[in-house]
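Only one structure is covered here, and it is reproduced in the block below.
Note that this is a predicted model, so its numbers are computed, not measured. Throughout, a chain's letter reflects where its sequence line sits, starting with A, and its residues are numbered from 1. All values below were derived from every heavy atom in this structure, side-chain atoms included, with hydrogens, water molecules and symmetry-related copies excluded.
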2 protein chains.
Amino acid sequence: MSAQARSRRKSAAPAVRSVAQELKQSRPFRSLAQEALLAVMVTSDRLASRLDRELAAAGDITRQQYNVLRILRGAGAEGLPTLEIAERMIERTPGVTRLLDRLELKGWIERQRSAEDRRQVRCKVSRSGLALLARLDAIVDEFDDLPDSAFGDAELRELIRMLDALRALYP
Amino acid sequence: MSAQARSRRKSAAPAVRSVAQELKQSRPFRSLAQEALLAVMVTSDRLASRLDRELAAAGDITRQQYNVLRILRGAGAEGLPTLEIAERMIERTPGVTRLLDRLELKGWIERQRSAEDRRQVRCKVSRSGLALLARLDAIVDEFDDLPDSAFGDAELRELIRMLDALRALYP
DNA sequence: CGCCGATAGTTGACTAGTCATGCAATCGCG
DNA sequence: CGCGATTGCATGACTAGTCAACTATCGGCG
């Protein structure tokens with residue numbers, strides 16, 4: 001199958017810039033592998049900061065805070081203990097504790113020590129947190145689905161496969 | 001060309017885990033596009049934190065500090081003004097100023113107000129900074145070239161192309 | 001029962017990135 | 001020439017992520 005299958009480009013094409021150009025890098029890359037790794041990281045940064053801006057504009061919330069709210073919504077009425085949230089975020093606990101502090105301050109979550117195991121702190125989305133999520137979901141969905149218009153399914157699968165394989169190289 | 005051309009897998013395969021598995025995510029993704037975006041970000045995080053650990057172990061330095069040192073080495077004996085460094089890092093100035101503060105404290109760079117334009121601060125790698133870089137380059141090169149053993153050139157080119165195209169969607 | 005190790009979280013001290021502000025040096029234009 | 005706009009950084013106040021150390025609770029075992 002052709003490389004650029006169905007990449008319908010916009011009228012005034014937004015110019016596909018290479019990683020080297022984005023970085024104003026003078027010298028070329030040592031290897032294709034190096035360029036690929038850098039491309040992954042630069043692309044990720046761009047995606048993340050774009051989403052950060054949209055979320056901040058729409059709901060004065062950060063991406064990580066949004067993620068925690070979604071995780072908690074998914075967990076239902078009983079909520080989740082702190083460490084469980086940390087695991088799903090692939091992040092160390094201390095950061096999560098403080099992130100939850102901020103979420104609680106803004107009134108988007110509620111926390112209370114578990115009765116069965118008093119070491120645990122159960123966290124759940126508040127009513128206003130759910131309302132916020134409802135507003136934000138549309139924005140995030142639109143953001144997430146943008147590639148569908150420019151890539152075919154086969155291409156996306158290929159991209160995902162390569163990224164999964166790449167991760168497997170760095171355990 | 002076949003999808004998994006020459007992916008020589010190791011004997012006891014390191015198990016290719018999907019993004020969903022990494023995240024302990026219960027529900028599947030809404031779209032392939034969403035999965036791809038998440039794969040980019042999760043993979044980037046993994047790569048970055050792996051490299052972070054190796055650099056910290058080898059030279060008590062962070063990835064960003066290492067990047068600045070490399071940029072300055074590339075700039076030669078005259079060094080670069082602060083804002084120029086910031087541009088090449090795709091980062092806002094305040095962060096760079098403070099990063100340079102820390103680099104100077106550790107003795108890896110030297111700074112001084114430019115004579116021609118006294119608003120500028122010229123930064124250059126110190127002798128000890130160069131020595132550090134020499135030690136670290138081997139480590140980073142090895143890290144960067146790892147994918148060469150698992151991917152073919154055509155695959156890497158394809159990956160890079162898709163990531164470039166993806167970035168173009170989020171200007 | 002009582003103590004000891006494991007588990008759940010919090011706190012402190014860093015690095016880093018972001019925005020808003022402030023200030024000094026330089027440029028440009030009348 | 002001089003004065004206002006621009007440029008180049010620095011500082012302050014946040015969010016976030018990391019490691020190390022500490023507290024409180026639970027569970028199991030003698």
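- Between B/Q65 and the phosphate of C/dA16, there is a side-chain N or O to OP1/OP2 separation shorter than 4.0 Å.
- Ion pairing of A/R92 with A/E87 is absent here, as no side-chain N (NZ or NE/NH1/NH2) approaches a carboxylate O to less than 4.0 Å.
- Among the protein residues, B/P81 comes within range of the sugar-phosphate backbone only, with heavy atoms under 4.0 Å from sugar or phosphate atoms but none that close to a base.
- Contact of A/R98 with D/dT18 (side chain to base): a donor-acceptor pair of N or O atoms is detected under 3.5 Å.
- Straight-line distance from the CZ atom of B/R92 to the C1' atom of D/dA13: 18 Å, rounded to whole Å.
- The CD atom of B/Q64 sits 14 Å away from the P atom of D/dG17 (whole-angstrom rounding).
- For the pair B/L103 CG and C/dT15 P, the computed distance is 11 Å after rounding to whole Å.
- Taking 4.0 angstrom as the limit, A/R118 places a side-chain polar atom (N or O) nearer than this to OP1 or OP2 of D/dT25.
- The closest donor-acceptor contact from the side chain of A/R73 to the backbone of A/V125 lies at 3.5 Å or more, if one exists at all.
- Judged by distance alone with a 3.5 Å cut-off, a donor-acceptor contact links the side chain of A/R119 to the base of C/dT7.
- Under 3.5 Å, the side chains of B/T43 and A/R167 contain a donor-acceptor pair of N or O atoms.
- Donor-acceptor pairing under 3.5 Å is recorded for the side chains of A/D137 and A/Y66.
- Close to C/dT15, at under 4.0 Å from its OP1 or OP2, lies no side-chain N or O of B/T62.
- In this structure, B/T82 does not reach the D/dG8 phosphate: none of its side-chain N or O atoms is under 4.0 Å from OP1 or OP2.
- As a whole-Å value, the separation of B/Q112 CD from C/dA25 C1' is 17 Å.
- Counting to the nearest Å, the P atom of D/dT15 and the CD atom of A/E91 are 15 Å from each other.
- The residue A/R111 sits close only to the backbone: its heavy atoms come under 4.0 Å of sugar-phosphate atoms, none of a base.
- With hydrogens and angles ignored, no donor-acceptor pair under 3.5 angstrom links the side chain of A/R102 to the base of D/dT15.
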